[in-house]
K.L.:
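Can you keep this structure in mind? I'll have questions shortly.
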Amino acid sequence: MKTTNDFILTMIGSGGDGVISAGEILLSAAASEGLFGFLLKSFGPQIRGGESSIKLRISNEEIFTQGDFVSVLLVFNWADFPRFKTEYDLADGAIIISDSDDKLSPLSQNLPWDEKKLVNIQIPITHLTKELTGSTFNKNIFSLGLLSAMFNLPSDGLHKAIKRKFKKKSEDVVKSNIDALEAGIKWILENNLNQNSFRFEYDSVEESKIIMNGNDAISLAAIYQGLEFYASYPITPASEILQFLGTHLPKVGGSVIQAEDELAAINMAIGASFAGKKSMTGTSGPGISLKAEAIGLASMAEIPLVVVNVQRGGPSTGLPTKFEQADLLQAMYVTHGDAPKVVIAATSVEDSYVCANIAFQVAEKYQIPVILLSDQFISAREVSLRPFKLDKFEIISRLKPQDNEESYKRYKITENGVSPMAIPGQKGVVYQTNGLEHVETGRPSSDLDIHQKMSEKRDLKLQHIEKEFDYVVYKDSEGAKIGVITWGSSKGAVLEAVAKLKKEGKKVSLIVPQLIFPLPIHKIQPFMDKLDKLIIVEMSFGKQFYTHLKSQLKLPENVIVYNRAGGKPFSVTEIYNTISKNYLGEVE
Amino acid sequence: MEQPQFIYKATDYKTDLKPVWCPGCGDFGVLGATHKALAELQIPPEDIMFFSGIGCSSRFPGYTNTYGINAIHGRAIPLATGAKIARPELTVVAVGGDGDGYSIGGGHLPHVARKNIDLTYLVMNNNIYGLTKGQASPTTPTGSITKTTPYGNMDLPINPIHYALAYNASFIARGYSANMKHLVDLIVAAMKHPGFAIIDIISPCVTFRGDEQYKTLKDLVFEIPENHDKTDKVAAFHLALEREDNKIPIGIYYQNPRPTYHDGYDIVREKAKKSGKNELFDIYNLFQA
């Protein structure tokens, strides 16, 4: 029997089958035993109920993607299968488990895979659950028992995860679920179904893990940096930030308000920041379109502000529950006029914590709006990852004048463009400001020299930010002639593809800027200068990242853009194939 | 040493920036009345924030020696809302015109009213877009000729009092820029009111609506009789209906205090803190597997 330390499970079912819940419990089980995990959930269009599916990858080695090929596919209901069939690829030798009580079976399907390479197992799941647990209610947990015994999935962890999940309900609920789990395990052992062509094995693991998604990580970083005000309008896939902060921010003294619209949300955040509090607003692409004018106000009046865009598929209403990286140019050029703003892009769940910290540092230090880009692929995944230190970032707050400071000027021209910002309540430094062009005191002016001078002042901040916050992920391979550049959540697939190539002795360099605008050219240009060929990976039909890079850098002569419209994240295989096909240089 | 009874004079709330307004503009009266009201309330200038959008009257914060921002069109209310929630201990005033408040920013009024944010909103209503030089506004009377209604305005004007009543504003008044003393009293009452207070202020635009307005308005406005029950919403609605004699009642139409958003949010905070685990690390621990 083959063993693997990289196991990918997909489950498909109807509303009542508890597929999502089973996926969450197995992820929690894996995490509590110290395993890394990566869970994606997929739903039909129904608001409630309807078909759903999960893809869960677990491994004892760090993973950066959901993995390409499914090892085990469990289908409760083949009627639900067609909706998801283009989302998943099965590994050769994959095992398909079906509920034999289902009217349909895999044989009735036009499967998109080579059936000769698959193994079909039929188990009367519904019938057995009823017989062995008294009802069909815990079918999902019974199935976790089956899977656990068949493939050696962490059973101690499952016990722990079930207790954790149901303890709030009642002891009875915990017991009935534990019984269902154990019934599943027992049935497999009694029927000798634990001898399959492969099983999950792992040796020692590190400490237990945490389970988090990207929106949680952004919210935590915001609280850590001292967020005191969050205003937002519900929108997929950013609403979880509003919900999370609505629950937790009041605990630390902050305020959260659900605004009447996107315009109100950002203007409330600007008002709160003007009043002296660290402020944030969050939305997705359509919301950014509506917030555009106010982002210009924050830039002009130099009011610190973090604006989160959890990107989804566009344009217009687009694909609300799918991911795409096509709001990049919008983020940089969102508002009219020369309005300096900063764009930072998170590349993973952990990196969302990092990037949200940086976003606050930049916004507060440079009194500038910062657009923090995440996307649906980061926000909707649940990952099991290493616990991280919360306090590894400096907490930066805006520069303030002294009370009664002599001849105080709100927009005093300084070396780095930053002038002390008086906080309402401060005596002797009262000022009035404007969305109009203004002189150093804040008073309006349409003098052309003033407009030139103040434009320079605001732009100066970008030059400093580019040097001071030049965050990039950089993996140099000495002597590599080919390099890959990507951004945001596409980093995961590229990282794994490059690692795979490295194992084959191929040299590929990789760079992923987190600071997108202003682009840290001093770090990225030398990277480009070493290359004969560059591959740009981005999930944008319009090649927005390529457009941006071309405008900022001298790219190698040979550039390949690997891109497509969003919806389905890049697989490691397609990135690997693209790099392999274009590989230049020796193999060690 | 004995503390002087009055520290701040009306002129202490005035900046030395010269208003862009035309001679005879009603907004001068509102500005003066506001400074007098602030002096009457003796609020330290540094403890006040003014927010405005765009329009002639939205230049107001620049002429008022408090913290302030002349921001973007229609957003005075959300800016003021954010500021008040962030700093409930400070006094917050939103100012602007009828176009800013009832047209481009009209979507915010229901929400600031139902949330009962403790701020004062002064709307300088001149029935016209002045800054853009004479287009129809949401309060322009039907039939009026303006630059954008060359054949007469087809639309019915908004009735701001009805608007505010429908949205459950807890303080609703109408003032007239030329009745200074009356307006000062109204602004004082609005600022003392705990909750959202709106004053629709008739503030004539002499440039685009003519200066004869002052003559007609003088006879049309009359103070709401003392026997009007300010807590009676239906009576307030009746009072605000268009009258056959075209007369315009000024004063407080409706005032009925109820808990503010900030009172409510204090309860939210208490509930949120009930678990006793209120540090960042406690929140982080929720993610432990």
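Computation of the quantities below employed the complete heavy-atom set of this structure, encompassing side-chain atoms and omitting hydrogens, waters and symmetry-equivalent molecules. Order of the sequence lines sets the chain letters (A, B, ...), proteins ahead of strands, with each chain counted from 1. Since the structure is predicted, the reported quantities are computational estimates derived from the model, not experimental observations.
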K.L.:
Applying a heavy-atom distance below 4.5 Å, give me the residues of residues 431-440 of chain A that approach chain B, sorted by number.
P.N.:
A:Tyr431, A:Gln432, A:Thr433, A:Asn434, A:Gly435, A:Leu436
K.L.:
Given that the side chain runs from C-beta out, which part of B:Ser52 has a heavy atom under 4.5 Å from chain A: side chain, backbone, both or neither?
P.N.:
neither
K.L.:
Under a 4.5 Å heavy-atom cut-off, does chain A meet the side chain of B:Lys115, its backbone, both or neither?
P.N.:
side chain
K.L.:
Nearest 0.5 Å, what's the CG-NZ distance between B:Leu280 and A:Lys251?
P.N.:
11.0 Å
K.L.:
Measuring heavy-atom distances to chain B, does A:Ala264 have an atom under 4.5 Å in its side chain, in its backbone, in both, or in neither?
P.N.:
both
K.L.:
Which heavy atom of A:Glu260 sits nearest a heavy atom of B:Gly107, and at what distance?
P.N.:
CG-O, 4.0 Å
K.L.:
Which atoms of B:Asn65 come close to chain A, meaning under 4.5 Å heavy atom to heavy atom: side chain ones, backbone ones, both, or neither?
P.N.:
both
K.L.:
Which atom names give the shortest non-hydrogen contact between A:Pro250 and B:Ala272, and what distance separates them?
P.N.:
CB-CB, 3.7 Å
K.L.:
Relative to chain A, which segment of B:Tyr261 carries a heavy atom at a distance below 4.5 Å: side chain, backbone, both, or neither?
P.N.:
side chain
K.L.:
Output the option from B:Ile283, B:Asp47, B:Thr81 having the highest count of non-hydrogen pairs under 4.5 Å with chain A.
P.N.:
B:Ile283
K.L.:
Once rounded to the nearest 0.5 Å, what's the spacing between atom CD1 of A:Ile257 and atom OH of B:Tyr265?
P.N.:
8.5 Å
K.L.:
With heavy-atom distances below 4.5 Å as the criterion, would you say the side chains of B:Phe51 and A:Ile270 are in contact?
P.N.:
no
K.L.:
Report which part of A:Ala161 has an atom under 4.5 Å of a heavy atom belonging to chain B: side chain, backbone, both, or neither.
P.N.:
neither
K.L.:
Please state whether the side chain, the backbone, both or neither of A:Leu390 comes within less than 4.5 Å of a heavy atom of chain B.
P.N.:
side chain
K.L.:
How many angstroms lie between atom OH of B:Tyr284 and atom CD1 of A:Ile223, to the nearest 0.5 angstrom?
P.N.:
13.5 Å
K.L.:
Check this for me: A:Lys168, atom NZ, are more than 12 non-hydrogen atoms of other residues, nucleotides or ligands nearer than 6.0 Å?
P.N.:
no
K.L.:
Kindly indicate, with the supporting measurements, whether the criterion side chain to side chain contact (heavy atoms under 4.5 Å, CB included) is fulfilled by B:Leu17 and A:Arg443.
P.N.:
CA-CA 8 Å; B:Leu17 190 62; A:Arg443 293 212 164 155; 3.8 Å; yes
K.L.:
Pick whichever of B:Thr15, B:Ile77, B:Val112 has the most heavy-atom pairs under 4.5 Å with chain A.
P.N.:
B:Thr15
K.L.:
At a 4.5 Å cut-off on heavy atoms, which part of A:Ala422 comes close to chain B: side chain, backbone, both, or neither?
P.N.:
both
K.L.:
Is chain A contacted by the side chain of B:Phe287, its backbone, both, or neither, given a heavy-atom distance below 4.5 Å?
P.N.:
both
K.L.:
Could you check which of B:Arg87, B:Lys274, B:His73, B:Met49 has the highest count of heavy-atom pairs closer than 4.5 Å to chain A?
P.N.:
B:Arg87
K.L.:
Quick one: does any side-chain atom of B:Tyr67 pair with a main-chain N or O of A:Phe274 as donor and acceptor, under 3.5 Å?
P.N.:
no
K.L.:
Measure distances from A:Phe388 to the heavy atoms of chain B and classify the residue's part below 4.5 Å as side chain, backbone, both or neither.
P.N.:
both
K.L.:
In terms of heavy-atom proximity below 4.5 Å to chain B, should A:Lys277 be classed as side chain, backbone, both, or neither?
P.N.:
side chain
K.L.:
Hey, what do you get for CG (B:Asn285) to CD1 (A:Ile210), rounding to the nearest 0.5 Å?
P.N.:
10.0 Å
K.L.:
Which one wins on heavy-atom pair count under 4.5 Å against chain A: B:Arg269, B:Glu270, B:Lys84?
P.N.:
B:Arg269
K.L.:
Which answer fits B:Ala71, side chain, backbone, both or neither, if we ask what part of it has an atom under 4.5 Å from a heavy atom of chain A?
P.N.:
both
K.L.:
Below 4.5 Å from any heavy atom of chain B, which atoms of A:Gln258 appear? Answer side chain, backbone, both or neither.
P.N.:
backbone
K.L.:
Of the backbone (N, CA, C, O) and the side chain (C-beta and beyond), which part of B:Ile54 lies under 4.5 Å from a heavy atom of chain A, both, or neither?
P.N.:
neither
K.L.:
Mind listing the closest non-hydrogen atom pair of B:Ile72 and A:Ala294 along with its distance?
P.N.:
CD1-CA, 3.6 Å
K.L.:
Quick one: ring-ring contact (aromatic ring centres under 6.0 Å, His included) pairs with a partner in residues 86-112 of chain B, sequence neighbours left out?
P.N.:
B:Tyr102-B:Tyr163
K.L.:
Quick check on A:Gln426 against chain B: is it the side chain, the backbone, both or neither that has a heavy atom closer than 4.5 Å?
P.N.:
both
K.L.:
Please flag which part of A:Ile266 lies under 4.5 Å from any non-hydrogen atom of chain B: side chain, backbone, both or neither.
P.N.:
neither
K.L.:
Which one wins on heavy-atom pair count under 4.5 Å against chain B: A:Val252, A:Asp216, A:Thr247?
P.N.:
A:Asp216
K.L.:
Quick check on B:Ile69 against chain A: is it the side chain, the backbone, both or neither that has a heavy atom closer than 4.5 Å?
P.N.:
both
K.L.:
Determine the minimum heavy-atom distance between B:Ala289 and A:Ser32, stating which atoms define it.
P.N.:
CB-N, 3.7 Å
K.L.:
Please classify the contact of A:Ser255 with chain B as side chain, backbone, both or neither, using a heavy-atom distance under 4.5 Å.
P.N.:
both
